[in-house]
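What follows is a set of notes on a single structure, which appears directly below.
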There are 2 protein chains.
Amino acid sequence: MTVTIDGVTTVLHRSGPDGEGVCVPDNCPCDDGACTLSKYVRTTAESRSEGHHTLEETESAVATMLAGMSVDMESMAAVQNIYRAANAVRKRLESSVLAPHDLTWTGWVVLWVVWIWGDIETRHVAAEAGISKGTLTGVIGTLEKRGLLKRRTHPDDARRVLVSLTPKGKKLMVVLFPKFNEEESHVTAALTAAEKASLAGTLRKVALQVEPD
Amino acid sequence: MTVTIDGVTTVLHRSGPDGEGVCVPDNCPCDDGACTLSKYVRTTAESRSEGHHTLEETESAVATMLAGMSVDMESMAAVQNIYRAANAVRKRLESSVLAPHDLTWTGWVVLWVVWIWGDIETRHVAAEAGISKGTLTGVIGTLEKRGLLKRRTHPDDARRVLVSLTPKGKKLMVVLFPKFNEEESHVTAALTAAEKASLAGTLRKVALQVEPD
DNA sequence: CCCGTCTCGTTCGGATCCGAACGAAACTCC
DNA sequence: GGAGTTTCGTTCGGATCCGAACGAGACGGG
């Protein structure tokens with residue numbers, strides 16, 4: 001059975017051990033005992049409604065139930081935790097270190113990249129910061145308006161723009177970096193040095209898998 | 001020496017082994033051989049301008065140089081890699097799985113939360129998805145307009161709003177979840193099963209440190 | 001020298017993201 | 001029953017985020 005939604009066609013199949021039978025989307029989660037996807041969805045809802053630790057119990061229960069099946073629980077747990085930790089860390093660093101200086105996360109990242117590189121082309125800043133060129137134009141506009149950095153046309157190529165920190169911007173970075181780094185220590189305080197190193201190495205593997213240097 | 005920027009005051013100090021002397025923000029990076037912050041900034045710029053692996057060399061060089069000093073390189077590496085990996089993974093999953101269905105990352109997260117919980121209050125969706133109530137109002141508006149979920153006033157408390165998936169929304173989730181999960185496998189393909197488990201566990205520690213359940 | 005192609009940054013429209021403020025609803029106390 | 005307080009979701013203004021399209025600039029070939 002195939003299903004087409006928004007012009008995209010997908011072949012559906014019951015994610016049971018024998019692979020037979022057909023999932024009926026409108027019935028998910030359904031009462032078919034052999035349908036492991038429905039089992040998974042139902043178990044997740046049950047563990048959540050009890051207000052327990054969200055991801056830990058969900059992952060454990062579903063991992064046992066779907067072992068060997070088509071749902072890759074280990075990868076799912078890894079990805080969900082990457083996203084969850086990144087979200088939590090960003091919010092903490094934003095609220096405790098950046099917001100008092102009226103800075104956003106991306107504003108900080110852009111300032112950091114420009115601080116490190118000095119006179120740098122905007123296309124490189126966008127690539128380093130991981131944002132689009134269009135977004136960078138807006139962020140640079142905001143930081144420029146704040147008097148933290150300045151832009152100038154490339155002497156050899158009028159299409160290109162170079163940015164650098166103003167004296168005010170440099171001063172701000174010297175003040176903020178130690179504070180930012182101190183909060184980085186706080187958010188990872190629960191980890192041993194070995195865990196931090198292992199974490200960084202493993203995440204580097206993931207990042208390089210997705211976007212090779 | 002203290003410096004005040006935007007109403008926030010910070011005490012500056014040279015991050016050298018003896019802790020003496022004063023950093024002059026406008027001169028950073030400066031020529032003072034004992035100033036390790038300037039060393040760090042300069043080394044980072046140098047390694048980058050050569051187009052080598054960005055974070056690996058930077059971290060190694062600076063970790064050696066600043067060992068025992070005030071800059072916490074291990075925590076910094078951990079946090080930067082969390083953010084970088086999360087960014088890369090999100091972009092990949094968005095472009096390869098979600099965009100063909102005209103979904104954003106947060107739209108997906110909200111659909112996922114509502115799919116798992118069934119009839120759920122919007123304040124809980126916002127908390128689960130890690131976004132503000134104001135943002136959720138907009139995202140729900142978009143998904144409602146797409147015909148993927150519907151809202152109704154809480155029968156017992158007119159202040160509250162409940163959301164659930166429409167049949168079209170449920171069908172979409174059944175199609176998308178396997179694809180999303182398959183791509184989760186792809187983005188973590190470079191890791192062993194043990195690394196994935198260790199990664200998830202370590203990140204869970206970080207997330208719980210920042211936002212206890 | 002001119003034309004075609006490619007690159008760069010900006011603009012555009014739409015989506016997300018936030019905190020603060022607001023109106024409506026619920027609750028508690030007198 | 002009314003007043004005061006708290007909670008909920010929405011609205012607001014500003015910032016970010018994207019891909020696509022555009023104008024300007026650079027380059028190569030004829």
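With rounding to whole Å, B/Glu121 atom CD is found 12 Å from D/dG9 atom C1'. Per the geometry, CD1 belonging to B/Ile140 stands 15 Å off C1' belonging to C/dC17, to the nearest Å. Spacing between atom CH2 of B/Trp108 and atom P of D/dC17 amounts to 23 Å, rounded to whole angstrom units. In this entry the distance linking NZ of A/Lys133 with C1' of D/dG19 reads 11 Å, nearest Å. Atom C1' of nucleotide C/dG9 and atom CD of A/Glu144 are separated by 13 Å, given to the nearest angstrom. Rounding to whole angstrom units, CG of residue B/Leu98 and P of D/dC18 are separated by 15 Å. Nucleotide C/dC17 holds its P atom 20 Å from the CG atom of A/Leu103, rounded to whole Å. Atoms CZ (B/Arg123) and P (D/dT7) sit 10 Å apart, rounded to a whole Å.
Across the interface with DNA chain D, nearest-nucleotide mapping of B/Gly138 and A/Asp157 shows B/Gly138 to be the residue nearer the 5′ end. Annotation: of the two residues near DNA chain D, A/Leu143 and A/Arg159, the 5′-most nearest-nucleotide partner is A/Leu143.
Remark: B/Thr142 is not in phosphate contact with C/dG14, judged by side-chain N or O atoms under 4.0 Å from OP1 or OP2. Note on A/Ser132: a side-chain N or O is less than 4.0 Å away from OP1 or OP2 of D/dC18. A close approach under 4.0 Å does not occur between any side-chain nitrogen or oxygen of B/Thr106 and OP1 or OP2 of C/dT16. Residue A/Thr137 places no side-chain N or O under 4.0 Å from the OP1 or OP2 atom of C/dT11.
Across D/dT16, C/dG19, C/dC8, the shortest atom-to-atom separation from the side chain of A/Val139 is found for D/dT16. Closest to the side chain of B/Arg160, from the set C/dG9, C/dG19, D/dG9, is D/dG9. Of the candidate nucleotides C/dT16, D/dC17, D/dA15, D/dC17 has the atom nearest to the side chain of A/Thr135. The side chain of A/Ile131 sits closest to D/dC17 out of D/dC17, D/dG9, D/dA26.
With rounding to the nearest 0.5 Å, the separation of CG in B/Leu172 from CH2 in B/Trp115 is 10.0 Å.
Remark: B/Lys179 does not engage B/Glu183 in a salt bridge, criterion side-chain N to carboxylate O under 4.0 Å.
Between the side chains of A/Thr122 and A/Lys133, not a single donor N or O lies within less than 3.5 Å of an accepting N or O.
Put simply, the residue from B/Glu182, B/His186, B/Glu184, B/Lys196 that forms a side-chain hydrogen bond (donor to acceptor under 3.5 Å, both in side chains) with A/Ser75 is B/Lys196.
Here the side chains of A/Leu199 and B/Asn81 are not in contact, with every heavy-atom distance at 4.5 Å or above.
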